[in-house]
Amino acid sequence: VQLQASGGGLVQAGGSLRLSCAASGWNFNSYALGWFRQAPGKEREFVAAISWSDSTYYADSVKGRFTISRDNAKNTVYLQMNSLKPEDTATYYCAAGSPYRYSNWHQYHYFGQGTLVTVSS
């Protein structure tokens, strides 16, 4: 069971990135998928989640700028990030599980290794 995140990088403020998280060794169709981020010196925070039935949830700080989606045929979840701001700089982690509360990192079962996003001003 593995989650592999990719797509991070350096981008200027106002730019866009698309993160991907691919699952291997298992089928995540019945799981909720989430993205979390952690900036240096700060706690990990919720970014977005998508349920097994494609309901989506976003942190207020990214609502209207980020879009989470999933492709079950490819076993991949995406995070499209537009209008990026310097405060979006963080390591982004994907997660899969069956949480009662989508924003709670601890309620997910599987985690990716993280991909770094740096937004320059």
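In this structure, Arg70 contributes its side chain and Ala32 its backbone to no donor-acceptor pair below 3.5 Å. Formation of a donor-acceptor pair under 3.5 Å by the Thr89 side chain with backbone atoms of Val119 is found in this model. Side chain of Gln107 to main chain of Tyr100: a donor-acceptor pair is present (N/O by atom type, distance under 3.5 Å, no hydrogens or angles). At least one donor-acceptor pair closer than 3.5 Å links the side chain of Gln113 to the backbone N or O of Ala5.
The two residues Ala90 and Ala39 have their closest heavy-atom pair at CB-N, 3.8 Å. Of all non-hydrogen atoms in Arg37 and Ser61, the two that sit nearest each other are NH2-OG, 3.5 Å. A pairwise comparison of heavy atoms in Gly7 and Leu17 identifies O-CD2, 3.9 Å as the closest pair. Closest heavy-atom contact between Met81 and Leu84: CB-CD2, 3.8 Å.
Here the OG atom belonging to Ser121 is positioned 14.0 Å from the NZ atom belonging to Lys85, to the nearest 0.5 angstrom. To the nearest 0.5 Å, atom CG of residue Leu33 and atom CH2 of residue Trp52 are 13.0 Å apart. Expressed to the nearest 0.5 Å, how far CH2 of Trp35 lies from CD1 of Ile68 amounts to 8.0 Å. For the atom pair OG of Ser98 and NE2 of His109, the computed distance is 4.0 Å after rounding to the nearest 0.5 Å. Atom CG in Asn82 sits 11.5 Å away from atom CZ in Arg18 (nearest 0.5 Å). Atom-to-atom distance recorded for Leu19:CG and Phe66:CZ is 8.0 Å, nearest 0.5 angstrom.
Within a 6.0 Å radius of CZ in Arg44, other residues, nucleotides and ligands contribute more than 12 heavy atoms. Counted within 6.0 Å of NZ on Lys63, heavy atoms from surrounding residues, nucleotides or ligands total more than 12; the atom is thus considered enclosed.
One hydrophobic cluster, built from ILVMFWY side chains closer than 4.5 Å, cannot hold both Phe111 and Val77; they sit in different ones. Transitive grouping of hydrophobic side chains (ILVMFWY, heavy atoms separated by less than 4.5 Å) keeps Tyr58 and Tyr93 in distinct clusters.
Using the six-membered ring where Trp is involved, Tyr31 and Tyr110 have ring planes that are perpendicular, over 60° apart on the 30 and 60° scheme.
The closest side-chain heavy-atom distance from Ser20 to Thr76 is below 4.5 Å. A 4.5 Å side-chain heavy-atom check between Ile50 and Tyr102 finds every atom pair outside the cut-off.
For Phe36, the ring-ring contact (aromatic ring centres under 6.0 Å, His included) partners are Phe46, Trp105, Tyr108, not counting sequence neighbours.
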